[in-house]
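Structure below; questions to follow.
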Amino acid sequence: QVQLVESGGGSVHAGGSLRLTCAASGAGYRRYGDYCMGWFRQAPGREREGVAHIDPDGTTTYADSVKGRFTISRENTENTVYLQMNSLKPEDTAMYYCAARWNGGSRDRVDSYNVWGPGTQVTVSS
């Protein structure tokens, strides 16, 4: 089974930037390029929500709240996926998680994903 771990979170002022990284390891990582990957976030007292998604062929989708500010990308030869976050806003403050799926489902559904990382905290101050 593949394992995921996120890094790159931190605290920034509004308008700043961060780049999150999700690294894969363990049995099954050699098929990383076949997985659909997603970034999700969860703020205190709120449900986990989809942020950005990328398919094996490079097709990307974004939540309306982050379009034009966030960019998801992947480097399959290094088993990594990135989330570049620009023009950050206080409402972006949340725990950010990366996830992978390979058994079908939908890009925006939490229940469709097979494995999750432990998360990395992003805090944006006004």
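Position 1 is the first residue of the sequence, and the numbers go up from there. Owing to the predicted nature of the structure, the values given are computational and were not obtained by experimental measurement.
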Just to verify, what does F40 make a ring-ring contact (aromatic ring centres under 6.0 Å, His included) with, not counting sequence neighbours? H53, Y113, W116
Taking Q84 for the side chain and F70 for the main chain, is one N or O donor matched with an acceptor at less than 3.5 Å? no
Contacts of type salt bridge (Lys or Arg N to Asp or Glu O under 4.0 Å), residue R107, not counting sequence neighbours: D55
By side-chain contact (heavy atoms from CB on, under 4.5 Å), which residues pair with S65, not counting sequence neighbours? R41, A63
Out of curiosity, L83 CG to W39 CH2, how far, rounded to the nearest 0.5 Å? 6.0 Å
Restricting to side-chain hydrogen bond (donor to acceptor under 3.5 Å, both in side chains), what partner residues turn up for R69, sequence neighbours left out? D92
Distance under 6.0 Å and angle within 45° of ring axis: R101 vs Y35: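 No cation-pi geometry.
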With a 3.5 Å distance limit and no angle check, can you tell me whether Y62 reaches the backbone of I72 through a side-chain donor-acceptor pair? yes
My understanding is that only residues two or more places apart in sequence, or in another chain, count here; which of them pass side-chain contact (heavy atoms from CB on, under 4.5 Å) with V115?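 V115: side-chain contact (heavy atoms from CB on, under 4.5 Å) contacts with V2, L4, A100, W102.
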Output all residues satisfying side-chain hydrogen bond (donor to acceptor under 3.5 Å, both in side chains) with S126, sequence neighbours left out; order by chain, then residue number.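 Testing S126 for side-chain hydrogen bond (donor to acceptor under 3.5 Å, both in side chains), a comparison that skips the adjacent residues, returns none.
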Sidechain-backbone polar pair: E75 side chain, N79 backbone, donor-acceptor under 3.5 Å: no
Residues two or more places apart in sequence or in another chain: which of them pass side-chain hydrogen bond (donor to acceptor under 3.5 Å, both in side chains) with D57? T59
Please enumerate all residues that pass salt bridge (Lys or Arg N to Asp or Glu O under 4.0 Å) together with D111, with sequence neighbours excluded.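 Residues passing salt bridge (Lys or Arg N to Asp or Glu O under 4.0 Å) with D111: none at all.
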Got a sec, which residues hit side-chain contact (heavy atoms from CB on, under 4.5 Å) with T123, two or more places apart in sequence or on another chain? S11, T93, Q121
State which residues pass salt bridge (Lys or Arg N to Asp or Glu O under 4.0 Å) with D108; sequence neighbours excluded, sorted by chain then number. none
Partner residues of S73 under the side-chain contact (heavy atoms from CB on, under 4.5 Å) criterion, sequence neighbours left out: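 Partners of S73 by the side-chain contact (heavy atoms from CB on, under 4.5 Å) criterion, ordered by chain and then number, come out as Y82.
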Partners meeting salt bridge (Lys or Arg N to Asp or Glu O under 4.0 Å) with E91 (sequence neighbours left out): none
